[in-house]
Protein chains: 2
Amino acid sequence: MPKPADPAVRAALIEHAATMVVAREPVTLRALATRAGTSTMGVYTHFGGMPGLWAAVRQEGFVRLAARLATLAPTDDPAGDLGALGAAYAANALENPALYRLMFDAAADLPDPDVADAAFAPLVDGARRAREAGRLDDVDPVDVATRLWAGGHGLVMLVVTDVLPRAALTAHGPALNAAVLIAAGDDPQRCTASVQRGWGG
Amino acid sequence: MPKPADPAVRAALIEHAATMVVAREPVTLRALATRAGTSTMGVYTHFGGMPGLWAAVRQEGFVRLAARLATLAPTDDPAGDLGALGAAYAANALENPALYRLMFDAAADLPDPDVADAAFAPLVDGARRAREAGRLDDVDPVDVATRLWAGGHGLVMLVVTDVLPRAALTAHGPALNAAVLIAAGDDPQRCTASVQRGWGG
DNA sequence: AGGATGGCATAGCGCTGCTATACCTACCGA
DNA sequence: TCGGTAGGTATAGCAGCGCTATGCCATCCT
């Protein structure tokens, strides 16, 4: 047991907390400390308390989301890329619904807000490439990306909270994405086909 | 103090709980009972426990939302009506952000799910009227309403959780509404004008 | 008029997050 | 090489939480 703060303990706490969240187990201070093989004080040494731990877990969720979205390589069909991003975003949320809900429970105060921007960047890039390809009017890519994100977030949120069935994702996800792009100037039929291709895989 | 369950006690508990939620005060069993002028047992008599109380408060939130949306009388411009519905929906959420978050924390299990349908109905009606007025293609009004709702919910949620600034509502709310309607067949310019008029008041 | 019923007040249980304290290990100057 | 020091970790105990067992008492039915 070294004197300097053990990074492994910190990582284990985040990892086990995320696992328990995903498994829908109640994440209590004592249960978490036991699982992570440490004492309750570890949470206070590394995170200052449970709120700090939650912030770290939310951050971890955004890191995973950003990493997943980053695996999608841009093609010569920006609208299709945006559809694929939407599909990956939704899939990530539906594989770990509890983590997704936790992430957006207080997404405004993340330890490192840059990671949220990193997850958002591919959308902005896709919108920018769509405009540069002449498929969109002279619109701000950030505005387009924000609308895509808001629509996707709302739909995903309603699904993970069991308000809408899972089938609503494929029924309305591509349609919402396409609607934003069509309103931004893309050709309706071409856009629908591109986005649908991106979602369908 | 009558023997049969006092409805006033039940109403007072819901009312005070909602007030405390709106005021962002921690709603503990003891604090709530004290404020409502009863004992902790009242919560168990009327709601079976704190989860039951939360469900009742969520229900109250949907009742207020439905009542507010119902005040908007249909005009001969269905797209404008849908814009006005979006504005009223967003205004209701922003006036009581904590209550809105609570509502959708478990919107799937409401004591009386009909009240959620009642809040959703004006959107479906607006979409139906828009189609009957020949402004939309042969689309399912429920699908259009669902997409309007998902987009609005996502945007509102991001604002309420401080991820996006309040200004994002007026910047993207009308645009999202219009995008859904344009993709459903409405004329872009006319639709944008209608929706913007509905939001602007 | 007198049981029987059922809502409400009180007291206390187990659990929660949190913190004061003690310990023990690793570093650092002499 | 060794003692002093600093700092992370383990333990014990605190106040607060939701919840429930118990007793009281007003109301209704026969």
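Here is how names work: the chains are called A, B, and so on, in the same order as the sequence lines, proteins then strands, and each is numbered from 1.
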A.B. asks: To the nearest Å, give me how far apart CD (B:Glu25) and P (D:dG16) are.
C.D. replies: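 Value for this atom pair: 17 Å.
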A.B. asks: What are the residues of residues 15-24 of chain A, sorted by number, that bring a heavy atom to within less than 4.0 Å of DNA chain C?
C.D. replies: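 Per residue number, the list is empty: none.
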A.B. asks: Starting from C1' on D:dG18, measure out to CG on B:Leu13 and report it in whole angstrom.
C.D. replies: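 To the nearest whole Å, that distance equals 15 Å.
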A.B. asks: Can you measure B:Arg10 atom CZ to C:dC8 atom C1' for me and round it to whole angstrom units?
C.D. replies: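 It works out to 17 Å between those atoms.
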A.B. asks: Can you name the side-chain contact (heavy atoms from CB on, under 4.5 Å) partners of A:Glu95, sequence neighbours left out?
C.D. replies: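 Here the qualifying residues are A:Arg68, A:Ala91.
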A.B. asks: Please state whether the phosphate of C:dC8, meaning OP1 or OP2, lies under 4.0 angstrom from any side-chain nitrogen or oxygen of B:His46.
C.D. replies: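 B:His46 to C:dC8 OP1/OP2: side-chain N or O found under 4.0 Å.
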A.B. asks: Under a 3.5 Å distance rule, please check whether B:Asn96 uses its side chain to pair with a backbone N or O of B:Val22 as donor and acceptor.
C.D. replies: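 Checking the backbone N and O of B:Val22 against the side chain of B:Asn96, no donor-acceptor pair under 3.5 Å is found.
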A.B. asks: Return the set of residues passing side chain to side chain donor-acceptor pair (under 3.5 Å) with B:Arg135 (not counting sequence neighbours), or none when no residue passes.
C.D. replies: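 Here the qualifying residues are B:Asp77, B:Asp186, B:Ser194.
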A.B. asks: Only distances under 3.5 Å count here; give the side-chain donor-acceptor pairs of residues 35-45 of chain A to other protein atoms, sequence neighbours excluded, each with its distance to 0.1 Å.
C.D. replies:
| from | atom 1 | to | atom 2 | distance (Å) |
| --- | --- | --- | --- | --- |
| A:Arg35 | NH2 | A:Glu25 | OE1 | 2.6 |
| A:Ser39 | OG | A:Met41 | N | 3.3 |
| A:Thr45 | OG1 | A:Met41 | O | 3.2 |

A.B. asks: Name all pairs fulfilling the side-chain hydrogen bond (donor to acceptor under 3.5 Å, both in side chains) condition that reach into residues 113-125 of chain A, sequence neighbours left out, sorted by first residue then second.
C.D. replies: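 The answer is A:Asp125-A:Arg128, A:Asp125-A:Arg129.
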A.B. asks: With A:His172, which residues qualify under ring pair (Phe, Tyr, Trp, His ring centres under 6.0 Å), at least two apart?
C.D. replies: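 Ring pair (Phe, Tyr, Trp, His ring centres under 6.0 Å) list for A:His172, sorted by chain: empty.
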A.B. asks: Identify all side-chain donor-acceptor contacts of residues 48-67 of chain B below 3.5 Å with residues at least two apart in sequence or on another chain.
C.D. replies:
| from | atom 1 | to | atom 2 | distance (Å) |
| --- | --- | --- | --- | --- |
| B:Arg58 | NE | B:Ala106 | O | 3.3 |
| B:Gln59 | OE1 | B:Asp112 | N | 3.0 |
| B:Glu60 | OE2 | B:Arg64 | NE | 3.1 |

A.B. asks: Hey, does the side chain of A:Thr45 come within less than 4.0 Å of D:dG8's phosphate (OP1/OP2), counting only N and O?
C.D. replies: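 So the side chain of A:Thr45 is outside the cut-off, no N or O lying under 4.0 Å from OP1 or OP2 of D:dG8.
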A.B. asks: Hey, can you pull the donor-acceptor pairs under 3.5 Å for the side chains in residues 154-169 of chain B, sequence neighbours left out?
C.D. replies:
| from | atom 1 | to | atom 2 | distance (Å) |
| --- | --- | --- | --- | --- |
| B:Thr161 | OG1 | B:Met157 | O | 2.7 |
| B:Thr161 | OG1 | B:Leu158 | O | 3.3 |

A.B. asks: Could you write nucleotides 10-20 of chain C as a row of B, S and -, 5' to 3', where a protein heavy atom under 4.0 Å of any base atom gives B, of only sugar-phosphate atoms gives S, and otherwise -?
C.D. replies: B-B---BBBBB
